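Remarks on the structure that follows.
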Amino acid sequence: MRCNELSNIQTSYSRFNPNLHRDLSQNVSTSTATFLRLYASLSRSTFFRRFNNQVSNNSTLPFYFIFLSLLFSSQSSFLLFYRASMSLYDCDQCHRAKERDISTNRNRLNPNEKDIDIIATYSGASGHVRLARLKMRDLSDSWIWENPTNGNNEYQKSSQESMESYQTDSSFEDNSKHSIDERNPEENKVEIPHSSLMTPMKIKRRVMRQERKKARTAELTQENRETNNHIVSAAIKRTEEFDTTVKGKYSIWRREYENPNSDSTLKLMRDQIIMAKAYANIAKSKNNTVLYEALLKHSSDSQRAIGEASSDTELHLGALDRAKAMGHVLSIAKDQLYDCLLVERKLRVMLQSTEDRVNVQKKRSAFLIQLAAKTVPRPLHCLPLQLAADYYLQGYHKKGNLDKEKIEDPSLYHYAIFSDNVLAASVVVNSTVQNAKEPEKHVFHIVTDKLNFAAMRMWFLTNPPSRATIEVQNIDDFKWLNSSYCSVLRQLESARIKEYYFKANNPSSLSVGSDNLKYRNPKYLSMLNHLRFYLPEVYPKLNRILFLDDDIVVQRDLTPLWSVDLKGMVNGAVETCKESFHRFDKYLNFSNPLISNNFSPEACGWAFGMNIFDLKEWKKRNITGIYHRWQDMNEDRTLWKLGTLPPGLITFYNLTYPLDRGWHVLGLGYDPALNLTEIENAAVIHYNGNYKPWLNLAVSKYKSYWSRYVKLDNPYLRVCNLGE
């Protein structure tokens, strides 16, 4: 409440209508509704208008709350009315002791202000009227001193909003005026305090709310922009990973959004052709030549109209007319030849014939895939030729191996790579070195055949990896590896094995037997594939060695593998069994007692391609001797098909320590549905299968993991167009 006007208001009120004051004091109710009705009636009375004019002429403000407090007999009655109105003022400012610090600050900030004596009249706790005198400096911050001209509009606006909120008919704002001190009308030094609904604290809070709204709006706008950018980036990445190797009909949209009737006409025409062939056979058996020829003619026309179409939109323009004409001919054939049992028999024969043709096509497809996997592309054939020619022409064949001490140092990290593919071996070495923390401690032992030895050595002499050591060896230099010692070499010289491998050259063999064609791959004829069972003989001075296939890519530092405790096992590998897949019964013939009596069909398989071998334990357990014994017993291929994984499972049975799956992720050479997160987090990724990364058969979304380690700026690769 504003208290500085109470004395004048009380005097004016008593002079204008003393009877009204007495009557009101006696009849005021404690109910809030009674106060509101009284307030409304007063606002419409002649006295109230006269009171407003009187206050305005005296340059004072009409404080209604203080005026009405004189009408009520008790302080509690006034408080009820005060709470019913807008609670915008605080009567505590009348207490001088509480506001002394505030007034001191006010005087310090505004030393030029004039001090004004204020007589305040108020009702005490007992209901008695009390008088108090205070100075302007004792007023709180809720009092605002302004230029009367500027404050007039603000006061009218705030007063109007306050009174409209309670839907009263007050006209106080029209009569509220501020006068200027006539003694100094130009300087406006004396400013009259007036009531303001917007205190400095409220103004500050409003500004802070607006600032928070602006900040939150900017934050939401930024998040929306970042989300849009993320969606666009994800869409671009998804487009880049689009698999172009998918054959047949393909839609970039999801299948559920396709029109279910998009190929209804095409299906109808194909069904008509099937029925026409069935009725044509029946017509021929009944010597109905005219109908037979008509059915064949319309079948040929419909087949030409279909062509290579896979949906209605790809059909020829006259396809629908062909379908109508075929339907007319089929209707005639049905009327003349229809016999339920006969038609059923003809359709069954056609179904069986179609299934036979499908099986033949599957075998041909498998053979062609194997052929494509075995075929060396022209750029890969060009590369070793160019390297071998320069190896001898430039005199590199006269250079010996460097760092012989490192080659036999067991304290370093040694790798064994057996390959005849120069480019593939270079990717294995480059990826390992680039991800190694101490590349100078890594030694790579590469063994190749006589045909590719010069090219392999030339490549690593001209493109040495950073600080790592490379040793290239020729498998033909291992004189101890002969048919009298090695079971596989002895078997490969037999006529039966040669017939098994090379009978695929006869086209009739595609439809004979159930042997898996992948085992006829020439890699099984190469001793490079079986050399992994002779590691202690190849590297007699080493204690541990990491074996790597040439179709892998290293993505992390592999040195922690040398510190893995194998628990007395010989082989450390990643297991590949999941539920019923890749267990021993998939690789071995458990109908043979030799297998069923010695191994469990539920034993978990594991992967060759990244294996850490303890060569000391290998020698102690005579692993090579175990391999020879089982290989000799499988000369007739009754225990397992040809390959290295089945004899590996047998040789290292109960001698394999399972590594964490994060070390080795397989399937990039045949499975296009692998988890990309697992691939990116794996230490080694393996392109096992026919879709090697250097072939056109490769799965496009996996190829980048391999190609990033190919040095496309190499002059030999440019000459052979390997960068295309």
Side-chain angles (χ1 to χ4, degrees), residues 241 243-247 365-385 387 417-432 446-449 451-452 455-456 459 504 516-526 528-529 531-532 547-555 576 607-611 642-645 664-674 676 679-680 682 684-712 714 716-717 720-724:
E241 296 176 353
D243 189 0
T244 58
T245 62
V246 179
K247 302 295 189 296
S365 175
F367 174 76
L368 292 175
I369 290 176
Q370 294 296 329
L371 181 63
K374 292 184 291 186
T375 303
V376 179
R378 186 172 66 178
L380 286 181
H381 185 65
C382 165
L383 180 61
L385 293 178
L387 290 169
I417 304 172
F418 306 146
S419 173
D420 58 358
N421 188 326
V422 176
L423 188 62
S426 69
V427 169
V428 176
V429 174
N430 291 339
S431 62
T432 305
I446 301 175
V447 180
T448 186
D449 55 18
L451 184 63
N452 294 280
M456 189 75 72
W459 175 269
N516 194 329
L517 291 175
K518 76 176 185 178
Y519 294 114
R520 297 196 182 110
N521 194 314
K523 73 177 183 178
Y524 297 115
L525 287 172
S526 173
L528 286 175
N529 203 39
L531 192 61
R532 66 192 69 186
F547 170 77
L548 298 176
D549 268 343
D550 62 355
D551 55 352
I552 64 100
V553 174
V554 177
Q555 300 184 128
T576 58
F608 264 132
M610 189 215 70
N611 308 81
L642 293 177
T644 56
L645 183 55
H664 190 187
V665 171
L666 300 97
L668 280 75
Y670 67 88
D671 187 357
L674 294 177
L676 294 181
I679 293 175
E680 293 172 356
V684 172
I685 55 177
H686 196 169
Y687 292 83
N688 57 312
N690 290 322
Y691 305 144
K692 301 299 183 184
W694 54 83
L695 300 177
N696 293 330
L697 296 173
V699 180
S700 59
K701 63 180 178 180
Y702 301 153
K703 197 168 184 177
S704 61
Y705 297 107
W706 183 85
S707 60
R708 69 182 62 170
Y709 295 105
V710 178
K711 298 180 179 180
L712 298 177
N714 187 277
Y716 289 105
L717 299 185
C720 294
N721 297 323
L722 276 167
E724 297 181 355

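Computed from a predicted structure; not experimentally measured.
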Could you grab the distance from atom [atom1] of [X] to atom [atom2] of [Y], nearest 0.5 Å is fine?
X      : Y      : atom1 : atom2 : value
Asn688 : Ile552 : CG    : CD1   : 11.5 Å
Tyr709 : Gln555 : OH    : CD    : 6.0 Å
Lys703 : Tyr691 : NZ    : OH    : 14.0 Å
Leu717 : Leu380 : CG    : CG    : 9.5 Å
Thr576 : Leu645 : OG1   : CG    : 7.5 Å
Ile685 : Ile679 : CD1   : CD1   : 6.5 Å

So [Y] and [X], do their side chains get closer than 4.5 Å, heavy atoms only?
X      : Y      : result
Arg532 : Asp549 : yes
Leu423 : Tyr716 : no
Ile446 : Ser419 : no
Asn714 : Trp459 : yes
Val699 : Leu668 : no

Inspect the surroundings of CZ in Phe418 and state if more than 12 heavy atoms from other residues, nucleotides or ligands are less than 6.0 Å away.
->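 Enclosed: over 12 neighbouring heavy atoms sit under 6.0 Å from CZ of Phe418.
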Atom of Leu697, atom of Asn690 and distance for their closest heavy-atom approach |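 Closest approach of Leu697 to Asn690: CD1-O, 4.2 Å.
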For Val427 against Val710, the heavy-atom pair lying closest together | CG2-CG2, 3.7 Å
Let me see the working for Asn421 and Trp694 under side chain to side chain contact (heavy atoms under 4.5 Å, CB included), right down to the final yes or no.
-> CA-CA 10 Å; Asn421 188 326; Trp694 54 83; 3.5 Å; yes
Output all residues satisfying salt bridge (charged side-chain N to carboxylate O under 4.0 Å, His left out) with Asp420, sequence neighbours left out; order by chain, then residue number.
->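 None.
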Not counting sequence neighbours, which residues clear side chain to side chain donor-acceptor pair (under 3.5 Å) with [X]? List them please.
X      : answer
Ser431 : none
Asp551 : His686, Lys692
Asn430 : none
Asp449 : Asn452

Quick one: side chain to side chain contact (heavy atoms under 4.5 Å, CB included) partners of Asn611, sequence neighbours excluded?
->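 Phe547, Asn571, Ala573, Trp606, Phe608, Phe613.
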For Arg708, enumerate each residue passing the side chain to side chain contact (heavy atoms under 4.5 Å, CB included) test, keeping only those at least two apart in sequence or located in another chain.
->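 Once residues adjacent in sequence are excluded, the partners of Arg708 under the side chain to side chain contact (heavy atoms under 4.5 Å, CB included) criterion are Ser704, Tyr705.
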So, the side chain of Tyr702 versus the backbone of Pro672: is there a donor-acceptor pair under 3.5 Å, distance only?
-> yes
